[in-house]
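One structure below.
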Amino acid sequence: MLLCSGVDNGANRRPAAIILGVMLVLAAVAAAGAASTPAPVTYDVTVRATATKAVELRIEAAYPPGTADDLTLDRAALPFVADVTVADGDAWRAVPARGRFWSPPGCRARSCRVRYRFRLTDAARGIDDVDTAALRGGVIIAPTTTWLLGPAGDATAAGTPFRFAVHSNDGWTFASGLPRTAAGYEGMLSATDPVAPYAAFGPLTAHHLDADGGAIDVAVAPDVATAAVLPWVSAAAAAIVAYYGHFPVPRLQLVVLPASANMQGKELGGGGASILLAPDDDPAHSHNDWVATHEMVHVATPDLSRRYLWMTEGLATYVEPIARVRAGQLAADSVWSDMVRGMPKGLAHETDRGMNGTRDWGRLYWGGALFWLLADVEIRTLTQNRQSLETSLRAVLAAGGNTHVSWPVERFLDEGDRPLPRPVLKPLFQKMGMHAMPVDLPALWRQLGVSARPDGGGVRFDDAAPLASVRRAIAGAAGGAAR
């Protein structure tokens, strides 16, 4: 950069000094930014089968200065950690457990290398919970928070980046919903929000599907009919794109397990995106053909406190069939038939104090869906169908609100209300979340022009009803929905 021209006089010394000062300030800001970005913790993970054919992980971790003072992992997984040692010159010294922590000596002020074993098969059989560790169809499901010893307390209050690679010589494949790198995977360790996507170890077959704006990696367990699963997953992704305008995350990891009476589908985010599915042999023509789309709606939603589980489960219940109508996969009358039959299950009971914190199944799913139906109707009525709930949810996505992140419920509502002429979501939340708000469902159905057939065979429509245009737009044909 030219700081001054040929003659050194007062007229050009001042601009030169100003420019130089700006450069120094920018350099200082850049240096401060670089200094504030913590160095990553790195893990090298090897999958090994023991003499008893159980699988264990042998892990070597490298912690930057100040990050290995106290190490821990998921409380349920603590008994399955073994042989923790820290490098001391050319030797490795044992680090005894101290309650639920391992504290390698001397690691507060310097970088440390730590080795340990994790008894993966024993953890899967002993814990038997897919959110922590479980064995299903010959595949072990265990998020990274189960087996990576991470810094505890203040060291990860704001999050510490980490990277890891997994190696196996025993024919096992590894899959994780965390973002991929050239060398493996990366994520963020956090003591205040210790959530990570699902990860899977086993004889999995890997498949890749493109989605509009993203991609889906599908890891399929043995004895699962891949030929039936992949078209089902593709159709679910098409429905999500039809509703949201694009796929909500850069990459989604799906793990497909054999059919199970205990689970049809589960989603887990936290710095990435992952779904477990356990479909029937031909999921596209079964009673649970909706499951993949339902779980993908969760991928398009930021994680909220469990107190607001009714909002996220209700949203997936409401959006899933409408998204499938948008994609031409479902008839509109089946959407309204299910709503007329299901919504009464979500109405407030005499003892209810609002939706927040409810654990009642009907309130969680159908009461939550009723909240989103009321919001959709109000937005469409307010804007003469020019805007809709889709407008709000797309705004949330545009603001970065997907399963990668955890948001306070206030931000979720504010971002959804931002593009509307006036707030709709937050006032309705204050009425319905905090109080047992009565809803006159028969009056709502009359306004929308939908009623159950007397013979129980679906619904009939009244196109002369005051809000018939709103009803038609909510479950409009593919390409015909208001935005």
Side-chain angles (χ1 to χ4, degrees), residues 129-134 136-137 139-146 173-180 185 187 195-202 204-221 224-226 228-241 243-244 247-260 262-280 283-284 286 288-304 309 312-313 315-317 319-320 323-324 397 402-406:
D129 177 353
V130 293
D131 289 348
T132 307
R136 297 286 186 272
V139 175
I140 294 177
I141 308 298
T144 53
T145 46
T146 301
T173 298
F174 175 75
S176 169
L178 286 166
R180 280 182 168 172
Y185 297 84
V195 177
Y198 289 115
F201 302 81
L204 299 156
T205 56
H207 305 269
H208 181 85
L209 301 173
D210 290 323
D212 188 354
I216 305 172
D217 288 324
V218 186
V220 184
V224 172
T226 303
V229 166
L230 295 182
W232 176 52
V233 172
S234 294
I240 293 300
V241 169
Y243 192 88
Y244 288 93
F247 202 67
V249 291
R251 188 183 80 90
L252 167 65
Q253 178 68 63
L254 273 171
V255 179
V256 187
L257 304 171
S260 168
N262 298 325
M263 183 197 71
Q264 295 174 316
K266 294 194 76 174
E267 181 272 344
L268 196 59
S274 63
I275 292 174
L276 300 182
L277 294 173
D280 293 340
S286 72
N288 65 0
D289 60 350
W290 54 272
V291 173
T293 310
H294 179 102
E295 298 304 331
M296 287 187 193
V297 175
H298 288 311
V299 172
T301 310
D303 184 50
L304 306 178
L309 186 63
T312 53
E313 290 298 347
L315 182 63
T317 301
V319 167
E320 167 265 314
R324 293 168 69 199
L397 266 186
N402 59 34
T403 191
H404 282 231
V405 298
S406 295

So do [Y] and [X] actually touch side chain to side chain, heavy atoms under 4.5 Å?
| X | Y | answer |
| --- | --- | --- |
| Trp232 | Leu277 | yes |
| Pro143 | Leu268 | yes |
| Thr293 | Ile240 | yes |
| Tyr243 | Val319 | yes |
| Leu276 | Arg136 | no |
| Leu254 | Val229 | no |
| Met296 | Leu252 | yes |

Problem set entry | Identified side-chain hydrogen bond (donor to acceptor under 3.5 Å, both in side chains) partner of His294 from the options Gln264, Glu313, Glu320 |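 When side-chain hydrogen bond (donor to acceptor under 3.5 Å, both in side chains) is applied between His294 and each of Gln264, Glu313, Glu320, only Glu313 qualifies.
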Any donor-acceptor pair under 3.5 Å linking the side chain of [X] with the backbone of [Y]?
| X | Y | result |
| --- | --- | --- |
| Asp280 | Ser286 | no |
| Arg251 | Ala273 | no |
| Ser274 | Gln253 | no |

For this session: Take Phe201 and Thr173 through the side chain to side chain contact (heavy atoms under 4.5 Å, CB included) test and state the conclusion after the steps.
Result: CA-CA 6 Å; Phe201 302 81; Thr173 298; over 6 Å; no
For this session: Decide yes or no on side chain to side chain contact (heavy atoms under 4.5 Å, CB included) for Asn402 and Leu397, but give the supporting numbers first.
Result: CA-CA 6 Å; Asn402 59 34; Leu397 266 186; 3.9 Å; yes
For this session: Quick one: closest heavy-atom pair of Leu257 and Ala221, and the distance?
Result: CA-CB, 4.2 Å
Problem set entry | Heavy-atom pair with the smallest gap, counting every atom of Pro302 and Thr312 | O-CG2, 4.5 Å
For this session: Could you list the residues that satisfy side-chain hydrogen bond (donor to acceptor under 3.5 Å, both in side chains) with Asp212, not counting sequence neighbours?
Result: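 side-chain hydrogen bond (donor to acceptor under 3.5 Å, both in side chains) check on Asp212 returns nothing, list empty.
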For this session: Tell me, with the steps shown, if Arg324 and Asp289 meet side chain to side chain contact (heavy atoms under 4.5 Å, CB included).
Result: CA-CA 11 Å; Arg324 293 168 69 199; Asp289 60 350; 3.1 Å; yes
